[in-house]
Chemist: 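After the structure tokens below, expect a handful of questions from me.
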Protein chains: 2
Amino acid sequence: MLSDERRSLILDRLGTQGRVLAADLTAELDVSADTIRRDLRELDDAGLLRRVHGGALPRHGDASPFASRERRAPEAKASIARRAAEIVREGQVVVLDGGTTTLELARALADDLRASVITTSPPIAIALAAHPGLEVTVVGGVLRPDALVTVGAAAVEALRLIRADVVFLGVCGLHPEIGVTTEDLEERHVKAAMIAGAAEVVALADHDKLGTAMPVVVAPITAVTQLVTDADADEAALAPYLALGIEVLRA
Amino acid sequence: MLSDERRSLILDRLGTQGRVLAADLTAELDVSADTIRRDLRELDDAGLLRRVHGGALPRHGDASPFASRERRAPEAKASIARRAAEIVREGQVVVLDGGTTTLELARALADDLRASVITTSPPIAIALAAHPGLEVTVVGGVLRPDALVTVGAAAVEALRLIRADVVFLGVCGLHPEIGVTTEDLEERHVKAAMIAGAAEVVALADHDKLGTAMPVVVAPITAVTQLVTDADADEAALAPYLALGIEVLRA
DNA sequence: CCGGTTCATGCACAAACACGCATAAACCTG
DNA sequence: CAGGTTTATGCGTGTTTGTGCATGAACCGG
């Protein structure tokens with residue numbers, strides 16, 4: 001058994017069963033517990049799973065995606081959201097992607113801000129409805145049940161008409177060479193349409209998303225003009241983005 | 001059971017039931033009360049729930065959208081919604097107007113129903129996202145902050161393309177001569193577009209809306225094919241609709 | 001105010017873990 | 001092909017983490 005095979009098998013197992021136990025893997029793959037631990041640690045470093053005491057869990061999805069995702073690193077998300085909210089200026093046309101971080105961003109917008117917000121996310125639309133100074137536009141389309149965003153041809157077509165001042169992307173993965181990535185092909189097209197019509201593209205990514213990649217490429221990293229991340233991101237991880245001329249904001 | 005899984009489960013439970021009891025968790029998760037207490041304490045520290053004596057509650061005293069209206073005559077609305085949900089048949093294309101009654105209707109749809117639902121209401125879209133058998137389409141447009149529905153040219157245009165089997169209208173006023181009426185001109189155009197493309201038009205109106213009229217006329221009463229109202233509606237108020245050939249369902 | 005319940009703290013123990021090192025295989029490289 | 005280097009693995013050692021139990025304090029309903 002090659003080590004790469006073993007790791008693939010671990011990821012397979014994780015995908016089908018939703019979790020793996022280190023002890024089980026030790027027994028079934030007939031290697032020492034150390035080796036399994038090493039595998040799990042490196043897969044975690046690569047962003048392919050989430051290491052926990054006793055085993056590992058999928059990095060992004062457990063049972064109820066949106067609700068449970070909201071609780072991952074909430075303070076990091078909140079600080080990123082607050083910092084990102086400062087980017088928005090009076091009178092701008094703002095496009096908001098779906099996701100928990102962008103939802104926090106919506107909530108963090110200043111109460112006296114006047115602007116126009118366009119979003120594919122029903123939860124964001126509802127959160128902003130109470131805001132006195134915003135005109136909120138919902139992008140129509142087929143609803144993706146887990147991510148709670150609209151997708152499909154109608155959404156892409158509607159976004160194609162928009163010339164936004166700034167778009168905020170809640171990215172799933174951000175890699176200096178691979179670029180902005182996501183899990184879902186439909187969502188990819190929507191995000192790409194958002195980017196295409198925007199003057200500024202702000203990526204919101206907490207530090208453990210930096211250097212990771214998801215299956216679907218949304219856009220090259222050069223499409224991003226600003227990156228907002230949390231204080232735990234280290235210099236080394238940020239250097240490649242700075243070198244590419246991307247403005248990096250640490251909350 | 002990994003400890004992380006256990007905590008996720010606790011948060012899930014909290015999300016669905018609105019509260020958790022420490023004693024229940026001890027029994028169901030088969031760990032000691034100490035462990036549960038530790039979990040709850042740490043989840044509280046992380047800001048993910050609010051610890052109280054005997055269990056835990058959601059941290060945000062859940063502010064549900066348009067909460068004030070939702071509690072007006074809730075039992076009448078709920079019974080109308082349940083009755084109306086029975087109208088929907090397998091495989092149909094259903095258009096749902098916004099409003100609290102239609103939101104109840106969405107929640108009342110049978111779990112095993114397979115259908116396509118199109119709505120202008122973000123809250124309805126979110127409520128239906130968890131439903132396994134439905135394809136949910138959101139009609140895009142400018143969000144009306146108080147009613148939480150999309151309006152405007154984009155919404156009308158999108159609805160013009162739809163040939164629905166049945167549309168459910170949460171009406172503001174229903175009068176045998178004046179017809180279906182509402183308060184808002186923008187909403188009127190959206191409702192009219194819904195009606196234009198639908199084979200059946202079901203009006204949901206509790207008994208005190210019968211015989212009343214609002215400033216803006218949506219459609220003549222003949223556009224309505226079915227009327228669902230509550231048990232308190234009296235024969236005299238319903239007679240005119242029956243005389244016009246409208247099928248009347250009393251919940 | 002009182003009895004039962006729930007809670008926090010300290011402690012003990014086992015499982016899981018990280019780290020350093022040794023070994024052997026795989027792989028360059030001249 | 002010979003010698004050096006890298007890589008993967010397993011083992012020993014000490015540390016951390018998760019859990020359960022005991023004890024006393026805090027809470028609550030009657």
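Treat the numbers as computed from the prediction; the structure is a model and nothing was measured. Here is the naming used below: chain letters follow the sequence lines, and residue numbers restart at 1 for every chain.
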Chemist: CD of Glu5(A) versus C1' of dT9(D): gap in Å, rounded?
Modeler: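 Between C1' of dT9(D) and CD of Glu5(A): 16 Å.
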Chemist: Base contacts versus sugar-phosphate-only contacts with protein, heavy atoms under 4.0 Å: please encode nucleotides 14-28 of chain D as B, S and - from 5' to 3'.
Modeler: ---SSBBBB----S-
Chemist: So for the helix from dC1(C)-dG30(D) to dG30(C)-dC1(D), with five pairs setting each end axis, what is the inter-axis angle to 10°?
Modeler: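 Angle reported: 50°, given to the nearest ten degrees.
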Chemist: Residues in salt bridge (Lys or Arg N to Asp or Glu O under 4.0 Å) with Glu186(A), at least two apart?
Modeler: none
Chemist: Is it true that a side-chain atom of Thr150(A) and a backbone atom of Val139(A) form a donor plus acceptor pair closer than 3.5 Å?
Modeler: yes
Chemist: Take atom CG of Leu29(A) and atom P of dT9(D), then tell me their distance rounded to the nearest Å.
Modeler: 11 Å
Chemist: Please identify each residue that fulfils salt bridge (Lys or Arg N to Asp or Glu O under 4.0 Å) with Asp165(A), with sequence neighbours left out.
Modeler: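 Per chain and number, Asp165(A) pairs via salt bridge (Lys or Arg N to Asp or Glu O under 4.0 Å) with no residue.
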Chemist: Could you list all the side-chain hydrogen bond (donor to acceptor under 3.5 Å, both in side chains) pairs where at least one residue sits in residues 234-243 of chain A, not counting sequence neighbours?
Modeler: Glu235(A)-Arg250(A)
Chemist: Glu86(B): which residues meet the salt bridge (Lys or Arg N to Asp or Glu O under 4.0 Å) condition with it, sequence neighbours left out?
Modeler: Arg83(B)
Chemist: What pairs with Asp230(B) under side chain to side chain contact (heavy atoms under 4.5 Å, CB included), at least two apart in sequence or on another chain?
Modeler: Ala76(B), Ser79(B), Ile80(B), Asp206(B), His207(B), Asp232(B)
Chemist: Compile the donor-acceptor pairs under 3.5 Å between side chains in residues 36-43 of chain A and protein atoms, sequence neighbours left out, one pair per line.
Modeler:
| residue | atom | partner | partner atom | Å |
| --- | --- | --- | --- | --- |
| Asp39(A) | OD1 | Arg6(A) | NH2 | 3.2 |
| Asp39(A) | OD1 | Arg7(A) | NE | 2.8 |
| Asp39(A) | OD1 | Arg7(A) | NH2 | 2.9 |
| Asp39(A) | OD2 | Arg6(A) | NE | 2.6 |
| Asp39(A) | OD2 | Arg6(A) | NH2 | 3.1 |
| Glu42(A) | OE1 | Arg7(A) | NH1 | 2.9 |
| Glu42(A) | OE1 | Arg7(A) | NH2 | 3.4 |

Chemist: Side-chain polar contacts of residues 122-131 of chain B - donor-acceptor pairs under 3.5 angstrom, sequence neighbours left out - could you list them?
Modeler:
| residue | atom | partner | partner atom | Å |
| --- | --- | --- | --- | --- |
| His131(B) | ND1 | Gly133(B) | N | 3.1 |
| His131(B) | NE2 | Ala110(B) | O | 2.8 |

Chemist: Determine which pairs satisfy salt bridge (Lys or Arg N to Asp or Glu O under 4.0 Å) with at least one residue from residues 188-197 of chain A, sequence neighbours left out, and list them in order.
Modeler: Asp97(A)-Lys191(A)
Chemist: Kindly write out the residues that satisfy salt bridge (Lys or Arg N to Asp or Glu O under 4.0 Å) with Asp24(A), not counting sequence neighbours, or none if the list is empty.
Modeler: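 Asp24(A): no salt bridge (Lys or Arg N to Asp or Glu O under 4.0 Å) contacts found.
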Chemist: Considering only heavy atoms of chain B and a distance under 4.0 Å, specify the first and last nucleotide of DNA chain C in 5' to 3' order that meet this criterion.
Modeler: dT6(C) to dT9(C)
